[in-house]
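In what follows, a structure is listed as structure tokens, so that the remarks can point back to it.
Just so we're clear, the structure is a prediction, and the values are computed from it rather than from any experiment.
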Amino acid sequence: DLCKRQEEWKGMRKERSRIPVKNPEELRRMREACRLAAVVIEAVVREVRAGVTTGELDTLAERLIVGGGGRPAFKGYRGYPCSTCISVNEELIHGIPGRRVIRPGDVVSIDLGVEVAGMMGDVARTVGVKPVRGDVARMVMTVEEAFREACKVIRAGARVGDISAAVQRLCEGRGYGVIREYVGHGIGRELHEAPQIPNVGEAGTGPELPEGATLAIEPMISLGGHRVKVLEDRWTVVTEDGAICAHYENTVLVTKTGCEILTVAA
């Protein structure tokens with residue numbers, strides 16, 4: 001049961017939360033997965049426009065992932081049917097691509113994962129389809145900026161709570177609702193690994209980050225409140241108040257002095 005599994009993930013016990021560290025060979029393969037994920041999401045984002053269906057974007061992503069030597073990491077994961085999650089307007093995450101036609105003014109979040117030789121990369125972007133309201137455009141810029149703020153505090157020896165506090169401080173300081181129920185996470189051999197990385201929290205708390213850990217950092221915010229709910233399809237997560245929302249994600253490597261963003265195309 002999907003909902004039960006989601007609750008199990010959110011409630012993972014502390015003694016099971018040891019943060020995996022990747023060896024050089026695993027990092028080599030992970031870099032390949034992340035590089036391909038970055039190339040694919042850039043290509044898909046370029047195709048986001050009025051008149052295109054979310055299903056067409058998903059088909060493009062799958063073709064590019066497979067053509068690049070990877071496997072869509074989302075497809076089949078806990079029964080998920082597609083290669084991407086595409087969420088529109090009040091949909092936050094896990095939107096199932098299909099016949100929905102993108103319209104002018106829509107806000108579209110694209111999330112995808114790639115596996116190469118047993119290692120994973122995860123990336124997400126939110127884009128607005130012109131004409132976009134000014135407050136919506138500012139929110140989309142803020143969610144990316146929140147990721148950059150998180151990167152400023154990531155380094156070996158930092159705490160998970162340092163990341164959470166950086167995101168919360170920026171986003172709530174600008175009046176946005178910061179989603180509590182869904183979080184960033186470790187990634188690598190599995191799509192979801194320890195630790196969980198909330199977007200709200202207290203600096204100096206939580207597990208310590210080791211050098212060589214790989215993390216999916218993903219701020220999620222809305223123009224309204226922070227509460228969300230899952231639709232009857234048991235996947236699509238929407239804001240409870242119907243507010244437009246945004247999601248941004250990259251996979252990063254923890255280093256001695258900072259972090260390296262792995263989901264880059266170059």
Side-chain angles (χ1 to χ4, degrees), residues 2 5-6 9 29-89 91-102 106-127 129 182-193 214-218 220 230-238 245-252 261-265:
L2 171 66
R5 287 179 179 178
Q6 288 173 332
W9 171 249
R29 288 181 277 138
M30 196 165 178
R31 288 181 193 280
E32 291 183 13
C34 288
R35 189 178 302 113
L36 179 55
V39 168
V40 172
I41 204 160
E42 285 187 6
V44 175
V45 164
R46 286 195 295 268
E47 296 302 315
V48 176
R49 61 182 181 275
V52 173
T53 68
T54 56
E56 288 170 335
L57 296 175
D58 183 72
T59 298
L60 171 62
E62 180 169 333
R63 177 170 59 81
L64 293 174
I65 292 170
V66 173
R71 182 188 71 82
F74 290 4
K75 196 167 190 178
Y77 180 72
R78 295 183 175 177
Y80 187 73
C82 298
S83 295
T84 63
C85 298
I86 302 181
S87 309
V88 182
N89 295 334
E91 297 172 353
L92 175 70
I93 51 173
H94 303 166
I96 301 174
R99 297 180 179 179
R100 181 169 186 168
V101 177
I102 295 172
D106 279 348
V107 177
V108 182
S109 293
I110 302 162
D111 189 1
L112 62 87
V114 172
E115 178 189 347
V116 171
M119 299 302 289
M120 310 282 182
D122 196 359
V123 65
R125 300 287 184 266
T126 297
V127 294
V129 181
Y182 293 87
V183 299
H185 50 89
I187 184 172
R189 305 171 190 111
E190 305 290 339
L191 192 56
H192 291 98
E193 297 180 344
T214 46
L215 312 172
I217 306 298
E218 47 182 324
M220 293 174 260
V230 181
L231 297 184
E232 290 183 1
D233 64 16
R234 300 172 69 189
W235 281 106
T236 308
V237 177
V238 302
C245 47
H247 174 212
Y248 187 92
E249 178 182 23
N250 279 307
T251 300
V252 306
I261 302 172
L262 299 180
T263 39
V264 292

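- With a 4.5 Å cut-off on side-chain heavy atoms, D106 and N89 count as touching.
- Within the structure, every pair that satisfies the ring pair (Phe, Tyr, Trp, His ring centres under 6.0 Å) test and touches residues 31-78, not counting sequence neighbours, is listed here: Y77-H192.
- For E190, the CD atom sits in a loose shell: 12 or fewer heavy atoms of surrounding residues, nucleotides or ligands are nearer than 6.0 Å.
- Side-chain contact between E42 and V45 is absent, with no heavy atoms from C-beta onward closer than 4.5 Å.
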Please tabulate, one pair per line, all N/O donor-acceptor pairs under 3.5 Å involving side-chain atoms of residues 65-72, not counting sequence neighbours.
from: R71; atom 1: NE; to: E115; atom 2: OE1; distance (Å): 2.6
from: R71; atom 1: NH2; to: E115; atom 2: OE1; distance (Å): 2.5

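- With sequence neighbours excluded, no residue forms a salt bridge (Lys or Arg N to Asp or Glu O under 4.0 Å) with E249.
- Remark: R63 pairs with no residue by the side-chain hydrogen bond (donor to acceptor under 3.5 Å, both in side chains) rule, at least two apart or across chains.
- Note that CD1 of I261 is 11.0 Å distant from SG of C34, once rounded to the nearest 0.5 Å.
- Nearest heavy-atom pair, V114 versus A73, reported as atom, atom and distance to 0.1 Å: N-CB, 3.8 Å.
- Contact between G98 and T54 at its shortest, heavy atoms only, is N-OG1, 2.9 Å.
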Q) For I187 and E193, what are the C-alpha separation, side-chain angles and deciding distance, and is it a side-chain contact (heavy atoms from CB on, under 4.5 Å)? A) CA-CA 5 Å; I187 184 172; E193 297 180 344; 5.5 Å; no

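- Between I86 and R100, the closest side-chain pair of non-hydrogen atoms is not below 4.5 Å.
- The two residues G95 and S87 have their closest heavy-atom pair at N-OG, 3.1 Å.
- Separation of atoms OG1 (T59) and CG (L64) is listed at 11.0 Å; rounding is to 0.5 Å.
- Annotation: side chain of C85 is in contact with side chain of Y80 (closest heavy-atom distance under 4.5 Å).
- The salt bridge (Lys or Arg N to Asp or Glu O under 4.0 Å) search around R35 returns none, not counting sequence neighbours.
- Checking D58 against S83 by side-chain atom types alone, no donor-acceptor pair falls below 3.5 Å.
- Annotation: side chain of R189 is in contact with side chain of M119 (closest heavy-atom distance under 4.5 Å).
- T84 is not listed as a side-chain neighbour of V44, based on a closest heavy-atom distance of 4.5 Å or more.
- With rounding to the nearest 0.5 angstrom, the CG atom of L112 is 13.5 Å from the NZ atom of K75.
- Using a distance-only test at 3.5 Å, with no hydrogens or angles considered, no donor-acceptor pair links the side chain of H94 to the main chain of R234.
- At least one side-chain heavy atom of E91 sits under 4.5 Å from a side-chain heavy atom of V238.
- Partners of E47 according to the salt bridge (Lys or Arg N to Asp or Glu O under 4.0 Å) rule, which considers only residues two or more places apart in sequence or in another chain, are R49.
- Residues R31 and L262 approach most closely at NH1-CD2, 3.6 Å, considering heavy atoms.
- Among all heavy-atom pairs drawn from H247 and T126, the shortest one is O-OG1, 2.7 Å.
- With a 4.5 Å cut-off on side-chain heavy atoms, T214 and M120 do not count as touching.
- The closest side-chain donor-acceptor pair between D122 and T251, if any, does not fall under 3.5 angstrom.
- Between G184 and E218, the shortest heavy-atom contact is CA-CG, 3.6 Å.
- Between the CD1 atom of I110 and the CG atom of L57 there is a distance of 5.5 Å, given to the nearest 0.5 Å.
- Rounding to the nearest 0.5 angstrom, the gap separating the CD1 atom in I93 from the OG atom in S109 is 10.0 Å.
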